[in-house]
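In what follows, a structure is listed as structure tokens, so that the remarks can point back to it.
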Amino acid sequence: MKKIINDPATVVAESLRGLAAAHADLVRVEYDPDHVVRVGAPIADKVALISGGGSGHEPLHTGFVGAGMLDAAVPGPVFTSPTPDAVQAAIAATTGEAGALLVVKNYTGDVLNFETAAELAAAEGLDVRTVVIDDDVAVADSTFTAGRRGVGGTVLLEKLAGAAAARGDALDDVESLARKVVGQVRSIGVALSPPTVPHAGEPSFDLGAQEIEFGIGIHGEPGRERISAEPADALVERMLDAVTGDLPFAEGDEVLLMTNSMGGTPPMETYLAHGIAERLLAERGIRVTRRLVGPYITSLEMQGISVTLLRMDDELTQLWDAPVHTAALRWGI
Amino acid sequence: MKKIINDPATVVAESLRGLAAAHADLVRVEYDPDHVVRVGAPIADKVALISGGGSGHEPLHTGFVGAGMLDAAVPGPVFTSPTPDAVQAAIAATTGEAGALLVVKNYTGDVLNFETAAELAAAEGLDVRTVVIDDDVAVADSTFTAGRRGVGGTVLLEKLAGAAAARGDALDDVESLARKVVGQVRSIGVALSPPTVPHAGEPSFDLGAQEIEFGIGIHGEPGRERISAEPADALVERMLDAVTGDLPFAEGDEVLLMTNSMGGTPPMETYLAHGIAERLLAERGIRVTRRLVGPYITSLEMQGISVTLLRMDDELTQLWDAPVHTAALRWGI
Amino acid sequence: MGCDVGRVAEALRAGAATVAEHKAELIDLDRAIGDADHGENLDRGFAAIVSTLDSGVPETPGAVLKIAATTLISKVGGAAGPLYGTAFLRAATKLGDVSELDGAAIATGLRAALEGVVTRGKAEVGDATMVDALSPAVEAAERAQADGGDSAAVLSAAADAAKEGADSTVPLVARKGRASYLGERSVGHADPGATSTALLLRALAEVAR
Amino acid sequence: MGCDVGRVAEALRAGAATVAEHKAELIDLDRAIGDADHGENLDRGFAAIVSTLDSGVPETPGAVLKIAATTLISKVGGAAGPLYGTAFLRAATKLGDVSELDGAAIATGLRAALEGVVTRGKAEVGDATMVDALSPAVEAAERAQADGGDSAAVLSAAADAAKEGADSTVPLVARKGRASYLGERSVGHADPGATSTALLLRALAEVAR
Ligand SMILES: Nc1ncnc2c1ncn2[C@@H]1O[C@H](COP(=O)(O)OP(=O)(O)O)[C@@H](O)[C@H]1O
Ligand SMILES: Nc1ncnc2c1ncn2[C@@H]1O[C@H](COP(=O)(O)OP(=O)(O)O)[C@@H](O)[C@H]1O
Ligand SMILES: [Mg+2]
Ligand SMILES: [Mg+2]
Ligand SMILES: [Mg+2]
Ligand SMILES: [Mg+2]
């Protein structure tokens, strides 16, 4: 394992130190329990938007703390959900009368830890709700699984719910907006190479020189299916088929298309894949009205991409276009 | 070689198609010869700022076309300088009475091709200047080399000269600002893993499990020295020593610090390295007043980072803070 | 012969030692069908329990288990943190302030622990989770206790059954937790949490002997 | 026996074929001490020359070489594009509109080509660049011509010397182009551009025979 780190045990805290130094105008970082809080929080009369999860997916979530997006992010150890006390600390630092919404990716650990924190906060008289995002079509949503994973849609959800909270929506409204987004966003990912968890020291899975994990998760969990390497045209089509077939997205729909790098895939390939996705969607009569291309939800150094589609309408478009100023997403400010 | 591409021969054009689709509000892409032009160019009475070079370093240069930065970018084939006719096309599409400045990274191919284009443009009566950036301290600047390479400083130069052009500076002034930046910016890079050029199909060099290329270039040119893997603290210190010792940067200096991912290194490690660099500079009494962290000048999927220091003053700070709206760098708009 | 508070603390230290010793193995199991953190997660939690105990042991076995519970909840994270944390918490609550754990108390505590895991995680036997180790362990403990076993005998029976239960997860398709995403591809691997449960019970049993 | 325009066009096609054939080898040489594109760059340029020639050959050898020059300049890029482009351009200009190239013309053309490369690239013999192949080739060509050699003999002598010159770059420390960044580490590798120069001259010589 070669990484630019000192010690697997301190990698999260040290990375947070870099974030704190680079973005002191945006965030304040607290350690042990680790949580990243927006400068100026709590903001009076504003619903606090909080998310978190295992580290190793940056810029998710810590890079999305700031104006128009998250009030706090709670980074756990690499690929490990944070504990309830860390989430509680983030709630305490950001939440007032207007309450808070916790954005939780659907993994057993995240759900258990965040819901425990929400319960504890409720016991202290705070109005704290959770919304669970589960947009990964690679996983069958059945009683035979822990349910679909939360992946790329989380980025869009945090932006949109963040914009709703920023414009002054009440908790009920932010929550129902969030549930609406969850209902109409879908994703799929592929991996060309595995990530290596620092404390594991070995790649999370082995792939042959001509193999691709289709339907990969963001934790190096092996994908659902292993396929032969294929040209980008075929691969992106396979990904879009999986996503559009699911909701389904149909001719005439307007969508936001996110083409995401899993961390180790450089801009050249991410944009190439994005171009293919735009062409294929146009051929299907699905209109891409907004887009996001780059590394927004990663899996350490894993090579691969994910594609996320969100069905848009005027409200979502307005919320998407609203100003945002975070370490990783910024416009209008 | 596993990449998300269709064919090495079309990878640049296909990636440009993705860029065009994603950022139609910012850029217009022309093909054969390939060049990326800012929407709305030419802009009356404004000095045109143009750069380019081999592809595979995205977002450099194509991702920096837009308001407050480049008027055009000329992407060559992967790691290959574009030809003079492509540069000429970019000049023709953007340059009026106010003239143009070409930002050229110091590589034999880039210098030859861009200078030829500038000569041809001059022959047509246009005032076109070139500034060559050579900020890589890994290379001895002697008659025994082609001179220092242009690397991370290019990003900062394009932003600062772009801001100068945007505020209406005349060509003489944009040029001398650019030369000033070249004079006080220095960089160094390291690689943990090699890039693979699509048409070569093999990694550009082989590294042992415990080896690092110190002083790597951005074209997978092997570095000057091969060292043993070491903790991030030691590695970043080694990098900073090389950079600060060169200009030199001294106690009391104010600097912009860029910690750049070479493409395959994820945000977690890039921020970790950035945190170390901030700490070490503080210890040396060098004040970091602005920073940029992320993948801004890459080398395909190579893992590694580079560190760039630019000595700042009020003028440069003002130009840095000026609004910019491009695919990869955006603030204030 | 029962376990007093010192013995319980000792058992937790033994558990911590076993987790540390098998950390890499648990990571490897989780790497195969999960996300390669189970060993690291548990080790972080149990190491924290040990350092808490180092600065003072409370008065009752239940109080020691409660410390373990809150430490696991606040240090482990992931799925295992809340699940193991709840298990210890329920056992602690159930045991109240008895000063010594006999076979019956241990069987009762294990039953409470299992109920806690099931309440939180909703897994059934056969879903390839820690429940596949803990559930047969509880049953074996109850049988041993009914047969008049002391704390050592009860824990030893539980440990044996847990080991068998952990092994039984190998041919199963996982239906809960991260391994469930793999569907059929989860077959052929032991569940990390079931394995750590068996390892922990074995360590406790060794101390009780 | 000189080379008429048809023969010159044929020679360029042979050059293109040789570049295509050795593309991977040239990439590999450049991968070792550069950026792995030299074979691809030249192949792109020479393939373009061939397709231009396919749609019509102009009237004089000089005009054919001029087409080659402008095509290389507009298709190759990198360092090799302007350098090879200038070489062909200077040769074309020097040859003017003679209709057939005898040994003397070829030696003169090669000399002009070398001067072009040196003007643009400022490399000297011993810097481990294409100049290390082209410079001895020019000298050998001039000697062969002085000895009364025809176009075939002159080109053959040039090709032999170029090959030797390319080989001579192996022990050198590169001082120009991308390989110079390596310092001492460039020792032990043949220069890609010197190698392609030798290959091209060999192909031209074969056609002239
Ligand atoms: N719903 C559940 N019920 C019971 N045990 C579960 C459940 N989900 C996961 N587990 C257990 O947790 C273990 C994984 O723990 P760990 O790797 O620490 O957490 P994570 O899956 O969040 O990375 C699994 O091996 C399994 O035994
Ligand atoms: N200054 C120079 N003078 C002469 N030849 C040079 C010079 N610089 C580079 N070359 C030649 O160019 C070759 C590299 O060409 P190529 O790989 O196509 O371009 P690049 O180095 O831009 O990738 C070198 O092997 C060398 O022979
Ligand atoms: Mg985990
Ligand atoms: Mg090149
Ligand atoms: Mg796990
Ligand atoms: Mg090259």
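Per chain, numbering begins at 1; letters A, B, ... match sequence-line order. Computed over heavy atoms, backbone and side chain alike; hydrogens, waters and symmetry mates excluded.
Contact tally against chain A (heavy-atom pairs below 4.5 Å) for Ser55(B), Gly264(B), Ala277(B), Pro323(B): the top residue is Gly264(B). Between chain B and the options Val288(A), Ile305(A), Asp233(A), heavy-atom pairs under 4.5 Å are most frequent for Asp233(A). Your options are Ala21(A), Ala20(A), Gly275(A), and the one with the most heavy-atom pairs under 4.5 Å with chain B is Ala21(A). By number of non-hydrogen pairs under 4.5 angstrom with chain B, the leading residue of Thr298(A), Val293(A), Ile5(A) is Ile5(A). Here Glu14(A) is the residue among Met1(A), Glu14(A), Arg279(A), Arg17(A) with the most heavy-atom pairs under 4.5 Å with chain B. The candidate with the highest count of non-hydrogen atom pairs below 4.5 Å against chain A, out of Ala209(B), Ala229(B), Gly56(B), is Ala209(B). Ranked by non-hydrogen atom pairs under 4.5 Å with chain A, the options Arg291(B), Arg290(B), Glu269(B) are led by Glu269(B). Put simply, of Thr259(B), Leu300(B), Leu235(B), Val236(B), the one with the most heavy-atom pairs under 4.5 Å next to chain A is Leu300(B). Comparing Glu301(B), Met302(B), Glu211(B), Arg330(B) by heavy-atom pairs within less than 4.5 Å of chain A, the highest count is held by Arg330(B).
At least one side-chain heavy atom of Glu58(A) sits less than 4.5 Å from a side-chain heavy atom of Met268(B). Annotation: side chain of Gln303(B) is not in contact with side chain of Ile4(A) (no heavy-atom distance under 4.5 Å).
Atom OG1 of residue Thr62(B) and atom OH of residue Tyr271(A) lie 8.0 Å apart, to the nearest 0.5 angstrom.
Between the Lys2(A) side chain and the Gln210(B) main chain, no donor and acceptor come within less than 3.5 Å of each other. Lys3(B) places no side-chain N or O within donor-acceptor distance of the main-chain N or O of Ala232(A), the cut-off being under 3.5 Å.
At a 4.5 Å heavy-atom cutoff, the contact between Glu278(B) and chain A is made by side-chain atoms alone. Residue His23(B) touches chain A through its side chain alone, counting heavy-atom pairs closer than 4.5 Å. Of the two parts of Val78(B), only the side chain, counted from C-beta on, holds a non-hydrogen atom closer than 4.5 Å to a non-hydrogen atom of chain A. For a residue to count as touching a neighbouring chain, one of its non-hydrogen atoms must lie under 4.5 Å from one of that chain's; by this rule Leu257(B) does not touch chain A. Contacts of Leu192(B) with chain A are made by both backbone and side-chain atoms, with heavy-atom separations under 4.5 Å.
The shortest non-hydrogen separation linking Gly18(B) to His274(A) is O-CD2, 3.5 Å. Across every non-hydrogen atom of Ser15(B) and Pro267(A), the tightest pair is OG-O, 4.4 Å.
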Check: Which is it for Ile276(A) and Asn6(B) under the side chain to side chain contact (heavy atoms under 4.5 Å, CB included) test, yes or no, and what are the steps along the way?
Finding: CA-CA 10 Å; Ile276(A) 296 169; Asn6(B) 286 310; 3.8 Å; yes
